[in-house]
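Owing to the predicted nature of the structure, the values given are computational and were not obtained by experimental measurement. Each residue takes its place number in the sequence, starting with 1.
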Amino acid sequence: MAAELVEAMNMVKSFRVSDLQTLLASMGRSKSGLKQDLVGRALRLVQTEYSPELLKNVRQLYESRFPKASGWLAARRPEGVPVAYSSLSSSPTGTQGTDYLNGIPKLSSPPAAEVKLVSLPFYQTLETLLPPTELIAQNSEKLQDSQCVFELTQSQVDQVRNSTELRPGMKAIQVVLRICYTDSIGVQEDQYPPNIAVKVNQSYCHVPGYYPSNKPGVEPRRPCRPVNITPWLHLSTATNRVTVTWGNFGKRYSVAVYLVRVFTSAELFSQLKHCSVESAERCRERIQDKLRFDPESEIATTGLRVSLICPLVKMRIGVPCRVLTCAHLQCFDAIFFLQMNEKKPTWTCPVCDKQAPFELLTIDGLASEILKETHEDIEEIEYLTDGSWRPIRDEKERDRERERSNTPDYPVVDICVPEVNGHSPAHSSTSQTGKSGAGSTAGGAGGGVVVDLTLDSEEEEEGGGAGGDSDDTEDSQDSPAPKRGRYDYDKDLVTAY
């Protein structure tokens with residue numbers, strides 16, 4: 001009884017704030033305050049209200065934080081102590097070579113072999129050359145060097161040598177180095193430590209650099225992906241030595257070496273096209289479910305517009321692709337999506353920014369049919385409640401059609417054609433200056449007609465009558481010439497072509 005009480009108190013002392021709050025809330029105690037207040041409150045709770053239920057809660061919280069604690073303690077428990085839990089009240093001098101913290105043994109890091117790295121779509125693991133091994137700091141310096149060694153078998157050497165080249169200098173079968181956080185809970189993504197440098201057999205190999213950021217105030221981000229160390233290896237059964245230089249800033253990292261097969265974006269697209277295509281009938285059912293009338297909703301959705309332009313490249317979609325876990329029906333181009341993730345692996349949906357792993361990608365069969373049936377000018381469609389669809393015309397095109405339908409048809413009048421409006425060119429070109437003959441001749445030669453636009457109807461009639469009377473013509477010749485302005489041309493004459 002006393003040993004279990006001391007054990008529970010030592011477990012409580014190692015709890016985090018969230019663990020303390022969970023424990024106090026489960027026992028009906030206040031969970032507000034600083035950490036030292038929460039620790040004191042939890043210790044008093046264990047001392048005054050010790051019960052099997054309370055001990056069970058304490059152990060569950062402790063195991064959730066240290067899942068390997070039981071195995072570590074069982075391996076080092078003194079004789080006569082039950083297998084489930086050992087007594088933590090031993091004196092620090094009772095066990096040699098063990099560090100103590102808050103009266104309990106300081107848990108050693110879980111075995112690095114327990115670390116599991118996430119699978120990558122562009123890499124297929126063939127063999128494990130070096131299981132995940134933790135990088136151990138040798139001193140208190142911020143910059144540390146950690147070494148690991150491994151050997152290739154003759155079969156592995158042959159696989160690398162006989163593999164095809166994806167591009168000059170890059171084999172399809174590679175030996176890669178992967179680094180991640182040392183954590184046995186869940187799968188770990190690739191994560192580089194600060195100030196990383198990798199040396200293989202005394203030669204530094206290339207580590208992916210930082211991506212420049214287009215946004216102001218945002219630091220560049222380094223893509224964490226497997227490091228290809230194949231060009232610097234001894235392609236024989238000789239020992240290969242890898243030295244990793246890393247920054248020791250409190251976080252724990254593990255390193256592993258794998259023999260992998262590298263896929264291209266074209267190969268992944270071929271896999272996607274053969275293994276993950278959603279039929280058009282299933283897509284229509286999805287649309288009907290999404291647009292089904294909900295009696296509890298005040299708004300009834302009768303249609304849903306979807307763009308045929310890829311949000312990644314702002315071009316018409318070639319192969320429509322979606323993520324099965326996304327709620328939207330908007331697609332993006334599968335080829336461009338895979339090509340972008342081959343260069344910069346993010347695997348996020350370009351529509352809603354949620355995770356879009358390769359395993360959840362699917363080709364939309366209905367959208368593929370729509371892209372084949374519609375003209376390239378159609379950039380948007382609308383899904384209807386019955387699963388059908390209709391094209392949405394562009395606003396500019398509809399405006400042009402509306403203008404064409406509303407524009408009346410008027411006859412075009414060519415004033416250069418003879419007998420326009422019942423007047424001959426001779427009548428139209430007659431002026432008061434007595435130069436009608438010359439004007440008509442010039443107009444006939446040059447293709448133009450001289451028209452006096454300043455004459456009113458009465459003057460025009462008088463001018464027309466004067467043209468047929470020889471006496472009036474003689475009188476007009478005796479009359480003084482009209483005054484000219486400051487410009488050297490007839491003010492009242494305009495040439496129309």
Side-chain angles (χ1 to χ4, degrees), residues 10-23 35 58-76 98-102 104-123 125 127-138 140 142-148 150 176-198 207-208 221-227 242-258 260 345-348 354-355 357-359:
N10 289 328
M11 290 181 179
V12 169
K13 291 178 182 179
S14 66
F15 282 176
R16 297 169 296 187
V17 174
S18 58
D19 300 330
L20 294 169
Q21 291 176 344
T22 302
L23 176 62
K35 181 177 181 180
V58 173
R59 286 177 175 174
Q60 288 178 351
L61 291 173
Y62 188 78
E63 289 179 353
S64 65
R65 185 181 180 189
F66 306 110
K68 300 300 178 181
S70 300
W72 187 89
L73 292 173
R76 291 167 172 77
T98 305
D99 295 333
Y100 282 79
L101 179 65
N102 293 331
I104 63 172
K106 183 179 179 181
L107 297 177
S108 61
S109 59
E114 298 289 340
V115 177
K116 295 181 180 179
L117 283 157
V118 66
S119 61
L120 302 176
F122 288 100
Y123 297 86
T125 302
E127 296 184 46
T128 301
L129 304 179
L130 179 68
T133 305
E134 184 174 356
L135 300 176
I136 304 297
Q138 303 298 327
S140 59
K142 295 300 182 183
L143 206 59
Q144 299 287 330
D145 287 337
S146 299
Q147 294 184 356
C148 57
F150 65 93
V176 297
L177 178 77
R178 299 184 66 180
I179 304 177
C180 66
Y181 287 132
T182 302
D183 193 349
S184 59
I185 301 177
V187 293
Q188 303 301 314
E189 296 181 352
D190 292 72
Q191 186 65 47
Y192 294 160
N195 305 323
I196 182 177
V198 179
V207 178
R221 179 178 175 272
R222 166 173 266 175
C224 297
R225 60 175 65 186
V227 181
V242 178
T243 303
V244 179
T245 303
W246 55 286
N248 181 21
F249 295 96
K251 294 185 177 180
R252 299 161 54 192
Y253 296 88
S254 292
V255 60
V257 180
Y258 298 97
V260 300
T346 58
W347 297 105
T348 56
K354 292 183 179 180
Q355 290 296 317
F358 177 75
E359 296 77 13

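- Interatomic distance, Asn248 CG to Gln138 CD, rounded to the nearest 0.5 Å: 10.5 Å.
- Annotation: the span from Ile136 atom CD1 to Thr182 atom OG1 amounts to 7.5 Å, rounded to 0.5 Å.
- Annotation: the span from Lys251 atom NZ to Leu135 atom CG amounts to 14.5 Å, rounded to 0.5 Å.
- Note that the CD1 atom of Ile179 and the CD atom of Gln191 stand 10.0 Å from one another [nearest 0.5 Å].
- Note that the CG atom of Leu23 and the OG atom of Ser18 stand 11.5 Å from one another [nearest 0.5 Å].
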Is there a side-chain contact (heavy atoms from CB on, under 4.5 Å) between Val242 and Gln147 once you walk through the steps? CA-CA 6 Å; Val242 178; Gln147 294 184 356; over 6 Å; no
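- Note that CD of Glu134 is 9.5 Å distant from OG of Ser146, once rounded to the nearest 0.5 Å.
- With contacts defined as side-chain heavy-atom distances shorter than 4.5 Å, the pair Val244/Leu177 qualifies.
- Proximity of Pro121 to Trp347: side-chain heavy atoms (C-beta onward) are separated by under 4.5 Å at one or more points.
- The closest side-chain heavy-atom distance from Trp246 to Tyr192 is not below 4.5 Å.
- Using a 4.5 Å cut-off on side-chain heavy atoms (C-beta onward), Cys180 and Val115 make contact.
- Taking the six-membered ring where the residue is Trp, Phe15 and Tyr62 present tilted rings, their angle falling between 30° and 60°.
- Ser254 places no side-chain N or O within 3.5 Å of a backbone atom of Arg252 that could act as its donor or acceptor partner.
- In this structure the side chain of Pro226 reaches within 4.5 angstrom of the side chain of Leu120, judged on heavy atoms.
- Scored by the ring-ring contact (aromatic ring centres under 6.0 Å, His included) test, Tyr181 finds Tyr253 as partners (sequence neighbours excluded).
- The pair Arg178-Asp190 counts as a salt bridge, with a side-chain nitrogen and a carboxylate oxygen less than 4.0 angstrom apart.
- Between Gln144 and Asn195, every side-chain heavy-atom pair lies at or beyond the 4.5 Å cut-off.
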